[in-house]
Structures are given as C-alpha cells and as structure tokens.
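In what follows, a structure is listed as structure tokens, so that the remarks can point back to it.
FYI, the numbering just counts along the sequence from 1.
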Amino acid sequence: TASSNDYGAGIGGGENGDNGTVYIYGGTVNATGGKNGAGIGGGKDGGGGTVYIYDGEVTASGGEYGGGIAGDDLTIKIYGGKIHATGVVGSEGDESGPGIGVMNGSGKLYFTMDDGKLTADTSEKLYTSGGDYAGGAGIGGRGHEKVEAHITINGGTITANGGKHAAGIGAGCGDGTGSGTINSGSEITINGGTVTATGKDGGAGIGSAGAGNNKGTITINGGTVNATGGDAYNGSSVKHKGGAGIGGGGETSIDAGGNGGTIIINGGTVTAKPGSKRDDSDNPAQAIGHGEADNNEGTLTLGDNMCVTNDNGSTTYGSGDRVSKCRDYATRVVKVCEHTGKCTDNNDGSTHTVSCTYCATSGSENHTYGSDGHTCTRCSYVIPDPKTITIYETKSDGSGYGDATTTYSVQYGKTYTLPECSSVPTDKVFVGWKETTTQPVSIDAESSEFSSLKAAGTEITVIADVTYYARYHTSVWSGG
C-alpha cells in the first residue's frame, strides 16, 4: 500500500519529476496519489516514464484531479493481472484525470495490453456539490486536454468508462477550443480480447470526447468490442449532444467537435451504439461516425469479409449498404460474415462466380453437381447432353467408306483425342482426319485438303456432334 502527499504519485514521481520505470510482477498493490498526482506514474507536471504490469492485483487511484495510472508522457504495458485504475474529480469539479493515460495535452500515451483484466474509469468520490465537470477518459486523455494516444489491445478483458463528456477510450472532455480531440497521428488498434468502452454525456464509446474531434485512426482487427456513445446532456451552461459509438463525440451548444475520423474494421465482432439525441435534434449521432449535430462522418472502411446487422442479428444488410447502415442512429453490429447469402453466376462449363449478398467477398469455384450428375447445386447450371463423335475409315479393300467404324459419346466441353487409323490400304498411307458432314466421294485426299486435316493424337474440345473421315494418299504426309 502506497500513498503520497500533495502533488506526488503513490508509486512513481513527485511534482515535476520523472516517474522512472515501475515493474509489478505480482502480489496486491494499492497505490493512491496526492492532489494532482497519479496512483502510479507521475506527480503534478511529472514527466515521462514506463509502467510494466505482469501479474498481481493492482488498484491505482489518483489523488484529487489525478489519474489512476498516469503522467504527462507515459508508456504502459500490461501482460496480465487484475487492474483497477481510477481518475478522480476534484472537490471543486473542474477536470479529472483519466483512469489510464496522460495528464497534459502535449504528452503522448503509449499503451499496450496483451492479457489480464483491466477496469479504467473515473470517480466523483470527492465531488459532492454535483453539477458539471470535465471528465477524463477511461483510457486516454485528461479533461480539457487534447491527447495523442497510441493504444494497442492484443488480448485480455477491458472495461473503460469515461467521466463526464469523455470517451471510454480516447479523449477527455473538450471545451470547444480544441480540447477533447484525439490528435492527428493517434492510433487506437484492437487486435483481440474483449473490450467494453462507454462514453458519458456526449463522449464517444471509442473516439473523441464531447466538443472534440477524432483526428486519429481507429482500427479493429479482432476481438469482441462493445462501444457505447454517451447520451445527450443538458447542462446549465453548456449542452453536450450525443456521442457516436465509435468516432466523434457530440457537438456542444457552441457547435464544437463531432468529427468521425478514420475508422477501419477488418475483423472481430463490433457492436456500436450511439448515445441518445436531444429532443429537438434532426442530426443524431451515428453508430460509427460523427457525433450528434456534426456533418463530418469521416472515413469508414470495412474488410471485404465483414457484414453488418441490426442489434439482435435478425437483419443482415446487403453488401452495398454496409457502410451506410453504420451511419444510422441505431445500434449496429459489424462481424465476420458467414456467407449464408451467397449468390452465384455461371462462368462456363467448369466454374461459377461466388459473390456474397452480405459482404464484399467474391471468387470463382468449381460447379458442384447433385445426384443427377448434370445440375450444379449452387448455381443451377446444367451440363448439356453428351455429344457424339463419329469416325469413318475405308473398307478393308480400299474401295470406299463403309458404315461408321466407331462412335464415341463425349461430355460437352471435354476434350477428345483423335485416334490412329486402323484401316489403311496396302498401296496408301493415312494422311489425317477430315471433319465434314458430307461423305467424300473418294478416300484419296486432294492436296488442297492437306492444311485442314488433323493428325492422329490431336486433341479437340467437344461442343457439338462431329464426324471425321480418314483420308489417304499415295505419298506420306505428316498431318497438321
């Protein structure tokens, strides 16, 4: 158990001091900062440092106005354990620190979590007068500050709850002058784990705070993500509007903030719910995109294999509507598509194109035939009836053509190899096969025929009934 006087961290640096490097390998750790100090990290105006948590049960609470695990510049790496980090609102309101994050808008947060269980939030335990204040993010920035955040979540379970007007993961409350914004160059990346991020009173679930803009990039590659925007808030002075599930916080009554930023979803299961709107609003927050009253929804890119459904999965939207449905004022679920709505178009006698109705995947696959052996069970392509190849050779005495020597039944579109001639008069040589529907008068080939004759061993693709006559000559010819 560690605590500090005013302006110092419970574990870490003092006022204006660097918090150095903190390693926690296990055990039970309770750390409480002094006024403006972090539970673990930096004291008031403290510099950068690094916190490693490998295991153990860690409870870190900021002092008045302080963050739970925080500093002006901070690198945090969590590999396991059970952590509860809480930023604290001051007794007079004003700003609160983040549960985990940076205290100064010029600082940078580098946060990585591989495993463990983390709860990051803010507390009003010292703020008894009620009313409004500028809350810090669950993970991200302090109230009334910008934040440059580099957040990577690879695994574990995270619950991040923003304070008033703050994002669950992202920025602390804005003031209409640029604070509450996720700075350009910021990256929030979720590769796995279970993440529940909830904004409050206009903050986005993941993104910017109320009165702030998302200028960074949010990328989700895997895991289970539940992001809920904060509801509209009617304060006595500034009225915050509803926040997006992922993207921008709500604008305020001074028309500040709300931009959606750049959002990329390549995998996982993502549930995004916008915050409620003001009664008189005709431009509510989007599930993924801008906050209420803003018009800059930003850029949303969905992986080709992702589909979009309503909140309970009873409706899956068409592939062409995936992005537009995420812009609705409604809960939307983005998940890996099971391709239950595949449609197919026949290409040829061997393959068809598969294009999913619900996502953007497509490709070519072989026909799959049913019990009749002729009809594709996927695209209803029917193999045409087999075709007949008829072969005529001379009579044994060389006096002319007799009845058909051989007939072959060949499946449409398949190849057939022309045979060697089995009947050749002693005074002649076989010179090739002539394709014709009319029986030649003589078995002898004219020189004008030579270029069109086909040699034995030639492969042909069968798409119609065809007849070949053996042709002979008194001199040798190699065929062609």
Side-chain angles (χ1 to χ4, degrees), residues 153 188-197 204-207 214 217-229 244-248 260-275 284-291 296-348 350-370 375-382:
I153 300 169
I188 299 174
T189 303
I190 301 173
N191 297 316
T194 300
V195 178
T196 302
I206 301 175
N214 175 23
T217 299
I218 300 169
T219 303
I220 300 174
N221 297 316
T224 300
V225 179
N226 297 284
T228 303
I246 302 175
T262 300
I263 301 166
I264 303 167
I265 303 177
N266 294 316
T269 299
V270 180
T271 302
K273 178 182 179 181
Q286 298 175 328
I288 302 175
H290 67 62
N296 187 346
E297 59 192 17
T299 301
L300 172 59
T301 302
L302 302 180
D304 286 348
N305 64 331
M306 306 303 289
C307 67
V308 178
T309 76
N310 64 346
D311 57 347
N312 61 15
S314 61
T315 300
T316 303
Y317 303 106
S319 57
D321 296 326
R322 296 184 306 157
V323 170
S324 64
K325 287 299 179 181
C326 291
R327 305 305 199 185
D328 287 346
Y329 174 56
T331 300
R332 293 291 178 250
V333 179
V334 183
K335 63 181 182 178
V336 176
C337 186
E338 297 177 356
H339 308 309
T340 54
K342 282 184 177 179
C343 61
T344 56
D345 298 307
N346 178 55
N347 291 337
D348 52 38
S350 301
T351 65
H352 51 229
T353 297
V354 180
S355 301
C356 183
T357 307
Y358 302 132
C359 69
T361 57
S362 64
S364 179
E365 69 178 22
N366 292 330
H367 292 303
T368 302
Y369 297 106
T375 305
C376 178
T377 58
R378 301 277 301 204
C379 71
S380 301
Y381 169 76
V382 178

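Rounding to the nearest 0.5 angstrom, the gap separating the CG atom in L302 from the NZ atom in K325 is 14.0 Å. Interatomic distance, T357 OG1 to H339 NE2, rounded to the nearest 0.5 Å: 11.0 Å. Note: T368 OG1 to Y381 OH = 13.5 Å, rounded to the nearest 0.5 Å. Here the CG-OG1 distance, from D321 to T316, works out to 12.0 Å after rounding to the nearest 0.5 Å. Distance CZ/R332 to OG/S324: 9.0 Å, rounded to 0.5 Å. Between the CD1 atom of I263 and the CG atom of L300 there is a distance of 6.0 Å, given to the nearest 0.5 Å.
Each of T269, T194, I206 was evaluated against V225; a single residue qualifies, I206, per the side-chain contact (heavy atoms from CB on, under 4.5 Å) test.
Contact of the C326 side chain with the Q286 side chain is not registered, since no non-hydrogen atoms from C-beta on lie closer than 4.5 Å. R322 has its side chain within reach of V308: a pair of non-hydrogen atoms, C-beta onward, lies under 4.5 Å apart. You'll find the side chain of V270 reaches within 4.5 Å of the side chain of I246, heavy atoms only. For the pair C337/C356, a side-chain contact is recorded, criterion being any heavy-atom separation below 4.5 Å from C-beta on. Side-chain contact between T271 and D311 is absent, with no heavy-atom pair separated by less than 4.5 Å. Using a 4.5 Å cut-off on side-chain heavy atoms (C-beta onward), I288 and I265 make contact.
Taking each heavy atom of P274 and A330 in turn, the nearest pair found is CD-O, 3.5 Å. Minimum heavy-atom separation, Y329 to G275: CE1-O, 3.4 Å. The two residues A244 and G289 have their closest heavy-atom pair at CB-O, 3.5 Å. The two atoms that bring A272 and A287 nearest to each other are CB-O, 3.4 Å, heavy atoms only. Here the closest non-hydrogen pair linking Y358 and T340 is CE1-OG1, 3.8 Å. When all heavy atoms of V334 and M306 are compared, the pair lying nearest together is CG1-CE, 3.9 Å.
With sequence neighbours excluded, the residues forming a side-chain hydrogen bond (donor to acceptor under 3.5 Å, both in side chains) with S314 are N310, N312, listed by chain and number. Applying the side-chain hydrogen bond (donor to acceptor under 3.5 Å, both in side chains) rule to N221 yields the partners N191, N266; only residues at least two apart in sequence or on another chain are considered. Listed by chain and residue number, nothing satisfies the side-chain hydrogen bond (donor to acceptor under 3.5 Å, both in side chains) test with S380 (two or more places apart in sequence, or in another chain).
Applying the salt bridge (charged side-chain N to carboxylate O under 4.0 Å, His left out) test to every pair with at least one member in residues 217-227, sequence neighbours left out, gives no pairs at all. Screening residues 357-367 for salt bridge (charged side-chain N to carboxylate O under 4.0 Å, His left out) gives E365-R378 as the qualifying pairs, with residues at least two apart or on separate chains. Counting only residues at least two apart or in different chains, salt bridge (charged side-chain N to carboxylate O under 4.0 Å, His left out) contacts with residues 297-306 comprise E297-R327.
Judged by distance alone, with hydrogens and angles left aside, the side-chain atoms of T299 form no donor-acceptor pair with the main-chain N or O of T262 at under 3.5 Å.
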